[in-house]
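Letters A, B, ... mirror the listed sequences (proteins, then strands); counts begin at 1.
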Amino acid sequence: MKKIQAIRGMNDLLPDNIAAWQYLEKTVTETLARFGYREIRFPIMEQTHLFKRSIGEVTDIVEKEMYTFDDRSGESVTLRPEGTASCVRACEQHGLLYNQTQRLWYMGPMFRYERPQKGRYRQFHQIGIETYGLDGPDIDAELLLLSHSLFKALKLDDCVTLEINSLGSDVARASFREALVSYLSEHQEALDEDSLRRLGSNPLRILDSKVAATQALLDGGPSLLDFLDDESKTHFDTLKQLLDAVGVPYRVNPRLVRGLDYYGRTAFEWVTDKLGAQSAVCAGGRYDNLVEQLGGKPTPAVGFAMGLERLVLLLQAQEVVPAEAEKPLDVYLAAVGEVQVSALTLAQFLREALPNLRLMMHCGAGSFKSQLKKADKSGAAVALILGENEAANDCVVVKYLREDKPQQSLARTELAAVLADYCPPR
RNA sequence: GUGGCUGUAGCUCAGUCGGUAGAGCCCUGGAUUGUGAUUCCAGUGGUCGCGGGUUCGAUCCCCGUCAGCCACCCCA
């Protein structure tokens with residue numbers, strides 16, 4: 001019989017790995033709350049055409065990476081490959097963009113059918129941040145300040161760097177594209193195979209090619225920054241001034257482009273060199289046309305997404321997950337002999353008396369010795385010993401597992417006061 | 001979709017020039033009738049990823065397939 005296993009590229013997160021995830025989620029969501037951003041949740045599936053219309057029909061995501069299938073009524077549905085399109089749809093559907101601004105975030109799984117590799121999986125997780133109704137460079141700056149704060153809170157700010165660029169208006173970008181295609185077409189013999197293919201499909205993506213010869217060729221070509229329209233240029237210049245003023249370090253990368261069609265003007269990426277070939281841990285930009293494109297009123301928008309698997313890998317590589325994120329036990333209650341009623345009663349009495357207390361009770365068979373072994377392995381600071389003698393005398397033995405201190409036999413009424421020292425506020 | 005490397009116990013791995021397997025860790029029990037971490041002893045645990053081929057015989061050689069890792073493409 002064939003072994004049942006998880007679908008390729010879809011991972012189980014086992015208990016030993018959960019601490020890093022919870023630490024990441026908690027740190028990020030607390031920071032978002034400090035900036036006044038509110039959570040929004042939407043389904044992980046949408047009608048297929050939502051993604052086709054927003055991400056772009058000819059992008060790789062739509063052409064070959066979506067989990068798309070017909071539901072039982074014959075409608076084509078798709079597991080979301082990213083969150084922005086769904087977020088816009090949800091806001092638009094519920095009138096959240098009508099004469100008002102929004103600062104929102106969401107968190108959850110995304111799905112792309114790709115070959116798994118380090119930091120890239122078929123089911124992966126993102127935290128997305130989106131703002132609507134704000135078109136100035138101040139909100140761009142706030143988002144970058146927010147992302148910088150996130151990295152500082154996670155103690156990852158020394159291993160990521162911010163790259164920014166402006167993609168200009170649609171018109172500016174179109175004329176740059178034309179110039180780029182014309183320049184590269186004259187030098188086709190110097191282009192690598194992938195770039196040659198992109199020349200026809202998505203020429204801007206040639207800019208961030210990894211091929212050295214292609215990068216060298218681009219040195220002699222047109223630069224996006226020279227094609228910026230005045231409005232985008234002013235917007236970008238102001239953004240840089242704001243970042244300087246608040247002390248967010250950045251590097252202008254004129255070859256930074258985005259893979260999804262809906263981006264224009266401000267584009268940015270936080271990158272690291274600590275994750276192999278996957279350098280981007282956080283990326284986003286402005287998408288002022290998307291709301292209108294999906295049938296809403298013209299609404300400026302800017303946002304970004306962070307890849308949680310990549311951030312967890314970074315956290316683990318940098319060893320910055322604090323020990324308390326592991327949430328160790330405070331107390332392990334060893335129950336030896338026929339004392340189930342007494343043990344359950346005691347355990348619940350203590351949990352109610354000390355709401356912060358983390359207490360696990362031994363269940364099932366187990367010799368005295370093996371129960372103490374388990375108490376030790378559990379990481380608990382204290383073992384409580386409840387045997388038939390104790391149950392008969394209405395007392396409990398407190399044994400200290402992590403400090404040199406003699407064990408003591410206490411009446412149940414004295415226990416809570418003693419254990420209070422072993423359950424710090426969390 | 002393409003390429004490279006790798007699949008042996010729950011985990012990390014060794015091994016067999018082709019004669020159906022071993023260590024460490026983990027787990028369980030004991031040395032110590034009710035006292036953990038260090039010791040010492042013993043035990044449980046494997047259809048050697050799966051399918052086919054060659055062979056008297058395959059975990060080992062060959063082919064296919066699936067999975068993992070890494071890279072390309074693409075992307076967070």
Side-chain angles (χ1 to χ4, degrees), chain A residues 1-11 14 16 55 58-66 81-84 107-129 147 160 192-195 197-198 201-202 205 208-211 257-260 268-272 275-285 303-314 332 334-337 339 362 365-390 397-402 404 406-407 409:
Chain A
M1 192 167 97
K2 223 175 149 184
K3 261 187 205 161
I4 297 179
Q5 52 192 347
I7 294 169
R8 182 172 209 193
M10 306 210 175
N11 298 317
L14 303 183
D16 280 349
I55 295 169
V58 295
T59 57
D60 276 28
I61 290 181
V62 167
E63 281 185 340
K64 49 187 201 187
E65 293 177 1
M66 294 205 307
E82 56 108 37
T84 302
M107 172 164 65
M110 307 292 166
F111 303 85
R112 291 182 200 170
Y113 189 87
E114 309 174 275
R115 286 286 280 263
Q117 71 184 73
K118 191 181 185 71
R120 202 259 296 285
Y121 307 100
R122 288 185 174 180
Q123 174 174 331
F124 63 105
H125 297 77
Q126 286 186 337
I127 289 179
I129 289 95
S147 54
V160 292
D192 61 278
E193 196 179 326
D194 285 325
S195 295
R197 176 175 49 76
R198 280 181 289 218
S201 58
N202 196 349
R205 299 291 327 205
D208 58 4
S209 166
K210 289 178 180 173
V211 179
V257 289
R258 301 248 49 90
L260 282 54
F268 55 87
E269 249 175 44
W270 287 89
V271 296
T272 179
L275 291 183
Q278 307 302 325
S279 59
V281 291
C282 170
F304 65 84
M306 298 188 292
L308 298 193
E309 278 79 2
R310 291 179 188 178
L311 286 172
V312 167
L313 285 173
L314 253 190
Y332 190 94
V336 189
V339 295
H362 184 88
S367 67
F368 197 93
K369 184 192 186 72
S370 72
Q371 292 202 28
L372 278 185
K373 234 176 210 176
K374 285 195 168 114
D376 185 42
K377 289 220 173 255
S378 76
V382 168
L384 290 184
I385 300 169
L386 178 64
E388 287 169 359
N389 296 342
E390 286 79 11
V397 170
V398 181
K399 182 179 172 68
Y400 301 96
L401 298 171
R402 318 283 161 211
D404 195 11
Q407 68 182 38
S409 181

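For the strand RNA chain B, secondary-structure stems (runs of at least three Watson-Crick or G-U pairs, all distances below 3.5 Å) span B:1-7 with B:66-72, B:10-13 with B:22-25, B:27-31 with B:39-43, B:49-53 with B:61-65.
Interatomic distance, CE of Met306(A) versus CZ of Phe304(A), reported as 5.5 Å (0.5 Å rounding). Remark: Arg122(A) CZ to Glu65(A) CD distance equals 10.0 Å, nearest 0.5 Å.
Using a 4.0 Å cut-off between a side-chain N of Lys or Arg and a carboxylate O of Asp or Glu, Arg197(A) and Asp194(A) qualify as a salt bridge. A salt bridge links Arg258(A) with Glu269(A): the closest approach of a Lys/Arg side-chain nitrogen to an acidic carboxylate oxygen falls below 4.0 angstrom.
Among residues two or more places apart in sequence or in another chain, the side-chain contact (heavy atoms from CB on, under 4.5 Å) test is passed with Tyr400(A) by Val382(A), Val398(A), Glu403(A), Lys405(A), Gln408(A), Val418(A), Tyr422(A). Under the side-chain contact (heavy atoms from CB on, under 4.5 Å) criterion, Gln371(A) pairs with Ala334(A), Val336(A), His362(A), sequence neighbours left out. For the salt bridge (Lys or Arg N to Asp or Glu O under 4.0 Å) test, no residue two or more places apart in sequence or in another chain qualifies with Glu390(A). Under the salt bridge (Lys or Arg N to Asp or Glu O under 4.0 Å) criterion, Arg8(A) pairs with no residue, sequence neighbours left out. For the salt bridge (Lys or Arg N to Asp or Glu O under 4.0 Å) test, residues two or more places apart in sequence or in another chain that qualify with Lys64(A) are Asp60(A). Partners of Arg115(A) by salt bridge (Lys or Arg N to Asp or Glu O under 4.0 Å), not counting sequence neighbours: none found. Listed by chain and residue number, Ile55(A), Ile61(A), Val62(A), Asp261(A) satisfy the side-chain contact (heavy atoms from CB on, under 4.5 Å) test with Thr59(A) (two or more places apart in sequence, or in another chain).
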For nucleotides 9-12 of chain B, tabulate all protein N/O to nucleotide N/O atom pairs closer than 3.5 Å, reporting atom names and distance.
none

Distances under 3.5 Å between protein N/O atoms and the N/O atoms of nucleotides 32-35 of chain B, please, pair by pair.
| residue | atom | partner | partner atom | Å |
| --- | --- | --- | --- | --- |
| G34(B) | O6 | Asn389(A) | N | 3.3 |
| G34(B) | O6 | Asn389(A) | OD1 | 3.4 |
| G34(B) | O6 | Asn389(A) | ND2 | 2.3 |
| G34(B) | O6 | Glu390(A) | OE1 | 3.3 |
| G34(B) | N1 | Glu390(A) | OE1 | 2.9 |
| G34(B) | N1 | Glu390(A) | OE2 | 2.9 |
| G34(B) | N2 | Glu390(A) | OE2 | 3.1 |
| U35(B) | O2 | Lys399(A) | NZ | 3.2 |
| U35(B) | O2 | Gln407(A) | OE1 | 3.3 |
| U35(B) | N3 | Gln407(A) | OE1 | 3.0 |
| U35(B) | N3 | Gln407(A) | NE2 | 3.1 |
| U35(B) | O4 | Gln407(A) | NE2 | 2.8 |

Grab the N/O contacts between the protein and nucleotides 41-45 of chain B below 3.5 Å, and write none if there aren't any.
none

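Within the 4.5 Å cutoff, the side chain of Val211(A) has no heavy atoms near those of the Ser195(A) side chain.
Here U65(B) presents its P atom at 16 Å from CD of Gln5(A), a figure rounded to the nearest Å.
Sequence order on RNA chain B of the closest nucleotides to Leu401(A) and Gly9(A) puts Leu401(A) first from the 5' end.
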Seminar exercise, completed: Expected string for nucleotides 70-76 of chain B under the B/S/- scheme (protein heavy atoms, under 4.0 Å, primed atoms plus P, OP1, OP2 as sugar-phosphate) is SBBBBBB
